Amino acid sequence: MSTNIPEDLAYTRSHEWIRDNKDGTVTVGITDHAQELLGDVVYVELPEDGSSLNAEDPAGVIESVKAASDFYSPLTGEVIAINEKLDDEPELINSEPYGDGWIMSLKLDNTDDLKQLLDANAYMNEIAE
Amino acid sequence: MSNTSTSQYTPLYQQHRLAGAKMVDFAGWEMPINYGSQVKEHHQVRKDAGMFDVSHMVVVDFKGKDSKAFLQYLLANDVDKLKQKGKALYSCMLNEEAGIIDDLIVYYLSDNFYRMVINAATRENDLAWIKNKISAFEVQLQERDDLAMIAVQGPNAREKLLSTLDKTSAITVSALKPFFGVQLDNIFYARTGYTGEDGFEILVPKQEAVPLWKALLEVGIEPAGLGARDTLRLEAGMNLYGTDMDSSTSPLVSALKWTVALEPKQRNFLGRKALEAEIDAKPASKMVGLVLEEKGVLRSHQTVVTESGLGEITSGTFSPTLGVSIALARVPVDTNEHCFVEIRNKKMKARVVQPPFVRHGKSCL
C-alpha cells in the first residue's frame, strides 16, 4: 500500500498530522492513511473557534459513509482557526488531506510539546504494525 | 459463525483484487466493500451502470410435484400469485412466532420447479428450517453452489448488458418485464435488483463468471462494492436482513405487511397464527423512513425521540444522491411527522417519511 507521509510534518498515533508554523502555532489535519481507512468523508463536526483544548481531547468528529470517528487535538492550546470550507466540501479530507483538507489551527500553550510527536519515520512504523 | 472455518472466495475474487478492491469479511466470505470510492460507485449505479458480485447469496431449487404446496406452507407470501413462467415474488419466511427467518425472492420456472434466492448470512439456519419442514412433502431441494451471481444495475444497465448478448438471447432478455426471469442455456437472467434502479441479476455457472464479468467491464459496466450496495438499497427503502429485521420482528413492524398474503384464508402458512394474533392486538411500533434536517449522519441504534415515545434507527447513512442523511427506524405506531434523533447527546431534528427515498435516480422526498 502506498500511503503519503510528508517528511516535514509531525504525527500522532491517532493519525493526526501537525505542521509547525514556527510562530507558536500549528496546523492540524488527519493523515492520508486515516482518510483511506475512513472512506468517503461526508460530514465534519469542527471544534469551536476560540475553544481551549488539551492534548488528546476529542476536538471534533469526522463522519464517512461508513462510520463516525473522533478526531483528537494533538497538543494543548487554543483553536485560532477552523477550516470552514469543510462544511460544504468535506471530501477535501479525502482528496487533499495535507492541503485544503486541513481541520484547525492551534496556538500552543508550550511549543516544547512538539517534541513529543512522532516524526514521519516513526509514524510510518506505527501504521506498518 | 459457530464454526471456525476459513474465508470463502467467490470465483470473481481475483477480478476484485485486479480492480483494486478493498476486501472485507461478509458472512464468512471475502467480499469487495469498495474499489476506491463507495460514493463514486453509488453515483455510477444511479447515473449509468454498475455491477455487484453477489455470488455469496444462496440459490436453492425446489423440484417435485409438491413444490408449490410446500412453498405455500413455507412462505408468508403466496406463490399461487405466480401464474406466468419466470415471474418472481418477494417474500418473508416466518417462524411460528411470526418473526422473520429470512427475506427472499422465489421464481416460478415451471410447474413443479421453483427457484429461491436467500441471504448468505442466514444460509445454515434457513436450510435447517426448510429441511425440517419439508419431510411431509414430495419435494427435492437442491443447493446450487455451482452458480455465481452478478447483479447489473443502473439506468443504462439493460442496454449495456443486451449489447453483450447474441441476437437471439438479446431479444429474449430484452422482452423480460420487471420481476421476471428466464433461463437461456446455462445462464439465468432476472430483471430484479436491490438498488431501486432497472437492471438484472444474472446466475451463471461458476466457471463462466470471470468471462461474463470481463464482458460486462468491456461495455462500461463498472464494479461496485457492498458499501455502495448498502447506500443504494437504503435510498431505495429496502430492508436489510439482520439489521432492519430479524427473527424477533414480524413483517408488521418491518413495513412488510404488503408481502404477506392473508387471502385465501384457508392457506395455512408457517407463522400465520401468530401473525393474525399480532394484527388483532395491533402492533405497537412501525417502520418508517427518516430524513435528518440538520447536519450530521444517522446511524443504526441511535435513539429516536417522538411525542409518542422512543424508537430506534435500524439502518442509517448519508445519502449520496440526496446529499442528506437518511434512515429506516422502528418507532411508536402513532408517531407523527416530526421527531428528534440523539446523535452524540444532541437532539437533532428529523422528518418522518414513507420510503423509498430515491427511485430510478430521482428523489421521492
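A note on names: the letters A, B, ... follow the listed sequences, proteins ahead of strands, and every chain is numbered from 1. This one's a predicted model, so the numbers in the text were calculated from it and none came from an experiment.
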Kindly determine whether Arg299(B) and Glu63(A) satisfy salt bridge (Lys or Arg N to Asp or Glu O under 4.0 Å), including the steps that lead there. CA-CA 10 Å; Arg299(B) 306 280 183 190; Glu63(A) 299 242 25; 2.7 Å; yes
Within 6.0 Å of [atom1] in [X], more than 12 heavy atoms from elsewhere:
X	atom1	result
Arg13(A)	CZ	no
Glu126(A)	CD	yes
Glu294(B)	CD	yes
Lys107(A)	NZ	no

Using non-hydrogen atoms and a limit below 4.5 Å, what part of residues 65-95 of chain A faces chain B?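 The residues closer than 4.5 Å to chain B, in numerical order, are Val65(A), Lys66(A), Ala67(A), Ala68(A), Asp87(A), Asp88(A).
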Check whether any side-chain heavy atom of Glu36(A) lies under 4.5 Å from a side-chain heavy atom of Lys22(B), and answer yes or no.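 Yes, at least one pair of side-chain atoms sits under 4.5 Å.
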Check whether Val44(A) gets within reach of chain B through its side chain, its backbone, both or neither, counting any heavy atom under 4.5 Å.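 Neither; nothing under 4.5 Å.
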Per-pair distances, 0.1 Å, donor-acceptor, side chain in residues 314-321 of chain B, under 3.5 Å, sequence neighbours excluded:
| residue | atom | partner | partner atom | Å |
| --- | --- | --- | --- | --- |
| Thr314(B) | OG1 | Asp244(B) | OD1 | 2.7 |
| Thr314(B) | OG1 | Leu328(B) | O | 3.1 |
| Ser315(B) | OG | Arg233(B) | NH2 | 3.0 |
| Ser315(B) | OG | Asp244(B) | OD1 | 2.5 |
| Ser315(B) | OG | Asp244(B) | OD2 | 3.0 |
| Ser319(B) | OG | Glu235(B) | OE2 | 2.6 |
| Ser319(B) | OG | Leu322(B) | N | 3.0 |
| Thr321(B) | OG1 | His42(B) | NE2 | 2.9 |
| Thr321(B) | OG1 | Arg46(B) | NE | 3.4 |
| Thr321(B) | OG1 | Glu235(B) | OE1 | 2.7 |
| Thr321(B) | OG1 | Glu235(B) | OE2 | 3.0 |

Not counting sequence neighbours, which residues clear side chain to side chain contact (heavy atoms under 4.5 Å, CB included) with Asp198(B)? List them please.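 Only Arg158(B), Arg191(B) meet the side chain to side chain contact (heavy atoms under 4.5 Å, CB included) criterion with Asp198(B).
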Among residues at least two apart in sequence or on other chains, which ones pass side chain to side chain contact (heavy atoms under 4.5 Å, CB included) with Ser52(A)?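 With sequence neighbours excluded, Ser52(A) shows a side chain to side chain contact (heavy atoms under 4.5 Å, CB included) to no residue whatsoever.
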